[in-house]
2 protein chains.
Amino acid sequence: MLDRSSSIKIPEPALRRLPWYLSYVKLLKSQGESIVSSTQIAKKIDVSASQIAKDLSYVDINGKTRVGYDVDELIQVLETFLGFTKSHKAVVFGVGSLGAALLSDSGLEQYGLKIIAGFDVKSSLVNKKIHHIPVFHSDEFVERNREMKAEIGVLTVPPGFAQEVSDYMIEGGIKGIWNFTPFRIRVPAGVVLQNTSLYAHLAVMFNRLNG
Amino acid sequence: MLDRSSSIKIPEPALRRLPWYLSYVKLLKSQGESIVSSTQIAKKIDVSASQIAKDLSYVDINGKTRVGYDVDELIQVLETFLGFTKSHKAVVFGVGSLGAALLSDSGLEQYGLKIIAGFDVKSSLVNKKIHHIPVFHSDEFVERNREMKAEIGVLTVPPGFAQEVSDYMIEGGIKGIWNFTPFRIRVPAGVVLQNTSLYAHLAVMFNRLNG
């Protein structure tokens, strides 16, 4: 079986659409469906059937012409392709309001993100546990990560510290940074960066509501 | 003074960039700077100086040629334009792991989102409080929102219920939906929709880390 996932790099927009398909196909499964076509997915999601078929061509699944995809197989293949079935070790830097909230969100683990520790500089947080996850002093990260070997760092520090903490995480072995701060951090080549700016989404919402 | 915010509709990509500028300019202020140019912002953020100047032209601020923008004024004007200084009442539907985490994230209030209630169908959650915010039974929403008058609904229900709960929120007077589920919901014209798919961001991160 050809492992397309490693040979062809899927474009980011396609990759971002795959979780929509997964989510819809899971719904169909819960309704007892066993076969789904790209036309059927297209009807529910604002993406054309041909785009869906193209996006799914990056994933190792074969649809049957004029029939569609096997629902169980599609779910399994998508979850694997998206990395949701593997456990990826992560740490959270900045255990303030949002950081603590993410430590408490056990849902992330179902999607493959296993937060194993939080780091902060506040003495009221250090050496405490939040939702059974230990919080350590940030200064201990490089040392501790030799053992923990987390590859993903979730960045929820105040924006003024975002760049410096990002550099420090990378020094300690972090290969991917999930930036929740509104600050545009820079990372060296080879480090993966994903920005989730809740505040930018809020800004768009507020502006459009008033428009 | 011309109120440009209501006369010209700022494009969404520009709107999404404004919080980056705000965040950087706040950092400059904390470092004692009083004037900032678009060239200076461009150096720190991966956006060209001309794009920054263009983006800022939608906001009611005047830079001085060859000098730049007044830092205090730029912060104040951006925060107002982005809606962060006003309080927007919101409810959270689905007080599971992520929903409860958002109820606990007091940081959102600093950016203008005031979560006043949670709604869920689970009896173990209903009529409890999370982080001082009351949780009510979902069935009570339409009735309760006549008094509460929340305009924003945060959607954190299981994906299979996303569409139906979204329709129900709109029936109760919600004008803007912040969708955290991986489900592609549809909303009628006039209702604002913002999707924040944490799982899509995770998928991109995992895929790129393995590539």
Side-chain angles (χ1 to χ4, degrees), chain A residues 5-6 9-10 12 15-20 22-24 26-27 30 44-46 81-84 86 88 96-98 100-102 104-108 111-113 151-152 159-160 175-176 178 181-184 186 192 194 196-211, chain B residues 5-6 9-10 12 15-20 22-24 26-27 30 44-46 81-84 86 88 96-98 100-102 104-108 111-113 151-152 159-160 175-176 178 181-184 186 192 194 196-211:
Chain A
S5 62
S6 62
K9 204 178 173 190
I10 178 170
E12 192 163 322
L15 193 47
R16 286 179 181 269
R17 284 188 292 266
L18 295 182
W20 302 343
L22 173 61
S23 165
Y24 176 57
K26 276 171 132 177
L27 177 63
S30 76
K44 272 286 172 179
I45 295 173
D46 279 325
F81 184 86
L82 293 169
F84 295 162
K86 249 181 80 177
H88 303 78
S97 175
L98 177 60
L102 292 173
S104 312
D105 178 10
S106 53
L108 292 171
Y111 285 87
L113 192 81
E151 286 207 320
I152 294 176
K175 302 271 182 274
W178 195 4
T181 79
F183 198 84
R184 286 281 278 180
R186 291 173 180 227
V192 179
Q194 280 289 297
T196 297
S197 180
L198 300 180
Y199 315 115
H201 293 181
L202 275 181
V204 175
M205 174 93 77
F206 297 156
N207 185 278
R208 295 312 190 222
L209 277 173
N210 296 328
Chain B
S5 62
S6 61
K9 203 178 175 192
I10 178 171
E12 190 163 324
L15 193 47
R16 285 178 182 271
R17 284 189 292 265
L18 295 182
W20 301 343
L22 173 61
S23 165
Y24 177 57
K26 276 171 133 178
L27 177 64
S30 75
K44 271 286 172 180
I45 294 174
D46 279 324
F81 184 86
L82 292 170
F84 295 161
K86 249 182 80 179
H88 303 78
S97 173
L98 178 61
L102 291 172
S104 311
D105 178 10
S106 54
L108 292 170
Y111 285 86
L113 191 81
E151 287 208 319
I152 295 175
K175 303 272 181 274
W178 194 5
T181 80
F183 199 83
R184 286 282 277 180
R186 288 172 182 229
V192 180
Q194 279 289 296
T196 297
S197 181
L198 299 181
Y199 314 116
H201 293 183
L202 275 182
V204 176
M205 175 92 78
F206 296 157
N207 185 277
R208 296 314 190 218
L209 276 174
N210 295 329

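Naming: A, B, ... by sequence-line order, numbering from 1 per chain.
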Q: Which pair of heavy atoms, one from A/Asp105 and one from B/Ser97, lies closest together, and at what distance?
A: OD1-OG, 2.6 Å

Q: Do A/Leu113 and B/Leu198 have side chains that approach each other closer than 4.5 Å (heavy atoms only, starting at C-beta)?
A: no

Q: Which one of A/Gly112, A/Ser104, A/Gly96 has the most heavy-atom pairs closer than 4.5 Å to chain B?
A: A/Gly112

Q: May I ask you to name which of B/Arg186, B/Lys175, B/Glu151 has the most heavy-atom pairs under 4.5 Å with chain A?
A: B/Arg186

Q: Roughly how far, to the nearest 0.5 Å, is CG of A/Leu98 from CG of B/Leu108?
A: 7.5 Å

Q: Taking all heavy atoms of B/Leu15 and all of A/Ala203, pick out the closest pair and write down the distance.
A: CD2-O, 4.3 Å

Q: What part of A/Leu22 is in contact with chain B, defined as an atom under 4.5 angstrom from a non-hydrogen atom: side chain, backbone, both or neither?
A: neither

Q: B/Lys26 versus chain A, heavy atoms under 4.5 Å apart: side chain, backbone, both or neither?
A: neither

Q: A/Gln194: which residues meet the side chain to side chain contact (heavy atoms under 4.5 Å, CB included) condition with it, sequence neighbours left out?
A: A/Glu12, A/Arg16, A/Trp178, B/His201, B/Val204, B/Met205

Q: Below 4.5 Å, heavy atoms only, C-beta onward: do B/Pro182 and A/Tyr111 meet side chain to side chain?
A: yes

Q: Quick check: do A/His88 and B/Phe206 have side-chain heavy atoms less than 4.5 Å from each other?
A: yes

Q: When rounded to the nearest 0.5 angstrom, what distance separates CG in A/Asn207 from CZ in B/Phe81?
A: 5.0 Å

Q: List for me each residue that meets side chain to side chain contact (heavy atoms under 4.5 Å, CB included) alongside B/Ser30, sequence neighbours excluded, and say none if there are none.
A: B/Leu27

Q: Please round to the nearest 0.5 Å and tell me the distance separating atom CG of A/Leu202 and atom OG1 of B/Thr196.
A: 8.0 Å

Q: Quick one: which of B/Ser23, B/Pro19, B/Gly176, B/Gly160 has the most heavy-atom pairs under 4.5 Å with chain A, could you say?
A: B/Ser23

Q: Can you name the closest pair of heavy atoms from B/Asn210 and A/Lys86 and give their distance?
A: OD1-NZ, 4.1 Å

Q: What part of B/Leu18 gets closer than 4.5 Å to chain A, counting heavy atoms only: side chain, backbone, both or neither?
A: neither

